[in-house]
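In what follows, a structure is listed as structure tokens, so that the remarks can point back to it.
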Amino acid sequence: MSEESTRPVDDPREQRHIDGGALRALAHPLRVQIFDILSQRGPQTASSLAALTGESSGATSYHLRALAKHDLIREVAGRGSGRERWWERPRGSVSFGSADGMKTPAGRAATEFVMTEFFNRRHQQLMRYLVGGIRNPDGSDDDHGFITTATAWLTPEQMGELTARLSAIVDEFVENYRDQQGDAVRAVTIRADVFPIPDEER
């Protein structure tokens with residue numbers, strides 16, 4: 001679970017619950033992509049985002065301003081110029097499934113859209129990693145990647161304990177190495193999925 005995690009609404013740890021207006025502003029494919037790139041890669045400019053997304057810098061600049069209007073991102077203080085502004089996503093976890101955003105049909109639709117876009121993007125990254133390892137098995141011997149699935153029969157209380165322990169480990173590493181620099185340092189995505197299997201899939 002990383003800083004852009006979608007923790008449950010009742011999670012006691014400090015996090016930002018995105019309100020309905022911000023959710024609706026985020027509910028656009030390119031805006032979700034920009035938001036996620038800033039989460040994973042750190043500060044970017046409209047030009048660097050254009051290169052990463054394949055869009056024009058005019059388009060990325062427009063969507064950056066829309067995200068900033070709802071405080072989803074912010075300009076990096078003291079960096080850049082009038083022509084080349086840098087943008088970042090504030091630190092801290094974010095909950096897309098906020099109570100405010102779930103009050104109306106429009107809010108629920110925006111929540112569903114944003115979460116679908118977000119997790120589709122992360123799933124595509126996972127699949128590229130898997131396929132890359134299959135096609136180039138010698139290229140990932142030293143990256144220490146770990147992908148596993150398991151099924152356990154747990155009570156709600158036991159599932160809560162598992163979730164808390166996994167979250168604590170991930171939070172520890174995120175905090176300890178938040179600003180680490182170095183030639184060997186790479187951005188690493190972390191996923192931990194714990195949820196009851198829907199009845200029809202058992």
Side-chain angles (χ1 to χ4, degrees), residues 1-7 14-129 132 174-175 177-183 185-191:
M1 191 175 307
S2 59
E3 289 214 316
E4 67 283 348
S5 64
T6 53
R7 288 174 174 155
E14 183 178 352
Q15 62 180 303
R16 177 181 177 184
H17 299 289
I18 298 180
D19 62 30
L23 267 171
R24 289 189 291 275
L26 185 57
H28 182 284
L30 183 54
R31 292 180 189 176
V32 173
Q33 186 179 8
I34 289 172
F35 186 81
D36 200 28
I37 289 172
L38 293 176
S39 295
Q40 291 188 313
R41 294 175 176 261
Q44 302 289 326
T45 66
S47 297
S48 66
L49 286 166
L52 291 168
T53 62
E55 300 287 340
S56 69
S57 58
T60 55
S61 179
Y62 170 80
H63 289 294
L64 283 165
R65 291 194 301 271
L67 293 171
K69 182 178 179 180
H70 289 272
D71 297 323
L72 290 164
I73 64 171
R74 65 190 178 195
E75 190 171 357
V76 180
R79 186 174 181 181
S81 63
R83 294 187 60 187
E84 193 75 300
R85 302 166 72 184
W86 286 81
W87 300 90
E88 66 183 356
R89 210 217 78 183
R91 289 178 172 176
S93 68
V94 171
S95 172
F96 296 140
S98 67
D100 179 73
M102 301 293 282
K103 287 179 180 179
T104 65
R108 291 191 292 273
T111 300
E112 180 179 351
F113 180 88
V114 169
M115 294 186 75
T116 298
E117 286 288 319
F118 177 85
F119 284 107
N120 277 343
R121 174 178 160 79
R122 292 302 176 95
H123 183 69
Q124 289 167 7
Q125 291 177 335
L126 172 62
M127 296 311 298
R128 286 198 299 272
Y129 173 76
V174 169
E175 185 61 32
Y177 303 107
R178 182 190 300 276
D179 299 312
Q180 183 171 228
Q181 303 289 326
D183 293 339
V185 176
R186 300 172 59 191
V188 175
T189 185
I190 307 167
R191 286 182 55 169

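Hydrogens, waters and symmetry mates are skipped; everything else that's a heavy atom, side chains included, is used.
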**Request:** For the pair Ser57 (side chain) and Ser47 (backbone), establish whether a donor and an acceptor sit closer than 3.5 Å, ignoring hydrogens and angles.
**Result:** no
Considering all heavy atoms, the nearest [X]-[Y] contact:
{"X": "Ile37", "Y": "Leu52", "result": "CG2-CD1, 3.8 Å"}
{"X": "Phe113", "Y": "Pro29", "result": "CZ-CD, 3.6 Å"}
{"X": "Gly107", "Y": "Leu23", "result": "O-CD1, 4.5 Å"}
{"X": "Phe118", "Y": "Val32", "result": "N-CG1, 3.8 Å"}
{"X": "Ile73", "Y": "Phe35", "result": "CG2-CD1, 4.2 Å"}
{"X": "Trp87", "Y": "Leu38", "result": "O-CD2, 3.5 Å"}

**Prompt:** Which pairs, with at least one residue in residues 43-75 and sequence neighbours excluded, count as a ring pair (Phe, Tyr, Trp, His ring centres under 6.0 Å)?
**Reply:** His28-His63
**Asked** Heavy-atom count around Gln125 CD within 6.0 Å, excluding the residue itself: above 12?
**Response** yes
**Message:** Quick check on Arg79: does its CZ atom have over 12 non-hydrogen neighbours (other residues, nucleotides or ligands) under 6.0 Å away?
**Reply:** yes
If you round to the nearest 0.5 Å, how far is [atom2] of [Y] from [atom1] of [X]?
{"X": "Thr60", "Y": "Glu55", "atom1": "OG1", "atom2": "CD", "value": "8.0 Å"}
{"X": "Met127", "Y": "Asn120", "atom1": "CE", "atom2": "CG", "value": "12.5 Å"}
{"X": "Arg89", "Y": "Gln40", "atom1": "CZ", "atom2": "CD", "value": "10.5 Å"}
{"X": "Ser39", "Y": "Arg122", "atom1": "OG", "atom2": "CZ", "value": "6.5 Å"}

**Prompt:** Of all residues at least two apart in sequence or in a different chain, which pass the salt bridge (charged side-chain N to carboxylate O under 4.0 Å, His left out) check with Asp183?
**Reply:** none
**Message:** Going by the rule side-chain hydrogen bond (donor to acceptor under 3.5 Å, both in side chains), which residues pair with Arg24 if we only count those two or more places apart in sequence or in a different chain?
**Reply:** none
**Item:** side-chain hydrogen bond (donor to acceptor under 3.5 Å, both in side chains) partners for Glu117, two or more places apart
**Value:** none
**Partners meeting side-chain contact (heavy atoms from CB on, under 4.5 Å) with Gln180 (sequence neighbours left out)** = Tyr177, Val185
**Request:** Please collect all salt bridge (charged side-chain N to carboxylate O under 4.0 Å, His left out) contacts where either partner lies in residues 57-74, sequence neighbours excluded, each pair once.
**Result:** Arg74-Glu88
